[in-house]
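Only heavy atoms go into these numbers, but all of them, side chains included; no hydrogens, no water, no symmetry mates. All residue numbers refer to positions in the sequence shown, counting from 1. In each ligand, atom 1 is the first atom listed, and ligand 1 is the first ligand listed.
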Amino acid sequence: MNVLQLTFAILKPHIMKNPISLEKIQKIILTSNFKIVKSKRKIITLHEAEEFYMEHKDKFFYNRLVTFMTSGPSDLYILAKENAIKDWRTLMGPTKVFKAQFEAPDTIRGKYGLSDTRNATHGSGM
Ligand SMILES: Nc1ncnc2c1ncn2[C@@H]1O[C@H](COP(=O)(O)OP(=O)(O)OP(=O)(O)O)[C@@H](O)[C@H]1O
């Protein structure tokens, strides 16, 4: 039996500022057979960002991360597909931008990541 799975994806603020990157990533979502269950464009509040990244509270990049994530609109998606979580993470590529660029240059982060913080997209973990 085929079981649909949901995943939560975010297109981060620097992507939203570049219409070409935004369009290309939206196209990747659609051509990879994800169904968009729900989408919303919004500026994530500081409170939401702090809660969302709570697990990283003590990391050196936490302040930088929540500041960046609240710096402008993001696109938020609930995506559905078989193996949605794994497939979206595979499309995103490695978290760290240099690893993405050298080891997985064709992934979203490989192509559109600018730094370890501005790494283009978020995807739910398992
Ligand atoms: N070393 C780092 N320096 C700067 N920012 C980082 C670093 N590691 C992680 N981040 C930021 O924190 C976010 C969450 O990190 P995490 O380790 O949970 O990675 P992930 O599971 O691949 O990413 P995400 O949860 O965004 O899909 C990353 O997407 C990135 O924006």
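From the protein, the heavy atom lying nearest to atom 23 (O) of ligand 1 is Arg109 NH2, 3.4 Å. At the top of the distance list for atom 21 (O) of ligand 1, counting protein heavy atoms only, stands Arg89 NH2, 3.1 Å. Among protein heavy atoms, the minimum distance from atom 9 (C) of ligand 1 is reached at Phe61 CZ, 3.5 Å. Regarding atom 28 (C) of ligand 1, its nearest protein heavy-atom neighbour is Asn119 ND2, 3.5 Å.
With a heavy-atom cut-off of 4.0 Å, Leu65 touches ligand 1 through its side chain alone. In Thr117, the parts holding a heavy atom less than 4.0 Å from any atom of ligand 1 are both the side chain and the backbone.
Listed by atom number, the atoms of ligand 1 under 4.0 Å from Phe60 heavy atoms are 1 (N), 3 (N). Each of the following atoms of ligand 1 lies closer than 4.0 Å to a heavy atom of His56: 14 (C), 15 (O), 16 (P), 17 (O), 18 (O). Of all atoms in ligand 1, numbered sequentially from 1 with element shown, those under 4.0 Å from a heavy atom of His122 are 24 (P), 25 (O), 26 (O), 27 (O). In the vicinity of Thr95, heavy-atom distances shorter than 4.0 Å reach the ligand 1 atoms 9 (C), 19 (O), 20 (P), 22 (O), 28 (C). Counting the atoms of ligand 1 from 1 in the order shown, those under 4.0 Å from a heavy atom of Gly123 are 27 (O). Each of the atoms 1 (N) of ligand 1 lies under 4.0 Å from some heavy atom of Lys96. Each of the atoms 2 (C), 3 (N), 4 (C), 5 (N), 6 (C), 10 (N), 11 (C), 30 (C), 31 (O) of ligand 1 lies under 4.0 Å from some heavy atom of Asp116.
A donor-acceptor contact shorter than 3.5 Å links the side chain of Tyr62 to the backbone of Glu50. A side-chain donor-acceptor contact under 3.5 Å links Asn119 to the backbone of Thr95. In this structure a side-chain-to-backbone donor-acceptor pair under 3.5 Å is present from Asn18 to Ser21. For Arg41 (side chain) and Pro73 (main-chain N/O), no donor-acceptor pair under 3.5 Å exists by modelled atom type. Within the 3.5 Å criterion, the main-chain N or O of Ser32 finds a donor-acceptor partner in the side chain of Lys81.
Counting heavy-atom neighbours within 6.0 Å of Phe102 CZ, excluding the residue itself, gives a total of 12 or less.
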Legend entry - Residues Ile108, Trp88; criterion side-chain contact (heavy atoms from CB on, under 4.5 Å); working and verdict: CA-CA 10 Å; Ile108 292 171; Trp88 177 241; 3.6 Å; yes
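Polar contact with ligand 1: absent for Arg64 (N/O pair, distance under 3.5 Å).
Not a single heavy atom of Met69 sits closer than 4.0 Å to an atom of ligand 1. Between Lys12 and ligand 1 there is a heavy-atom distance shorter than 4.0 Å.
Distance check: Arg118 CZ to Met69 CE gives 13.0 Å after rounding to the nearest 0.5 Å. Of the inter-residue distances, the one linking Thr70 atom OG1 with Leu65 atom CG reads 9.5 Å to the nearest 0.5 angstrom.
Tyr112 is not listed as a side-chain neighbour of Thr121, based on a closest heavy-atom distance of 4.5 Å or more.
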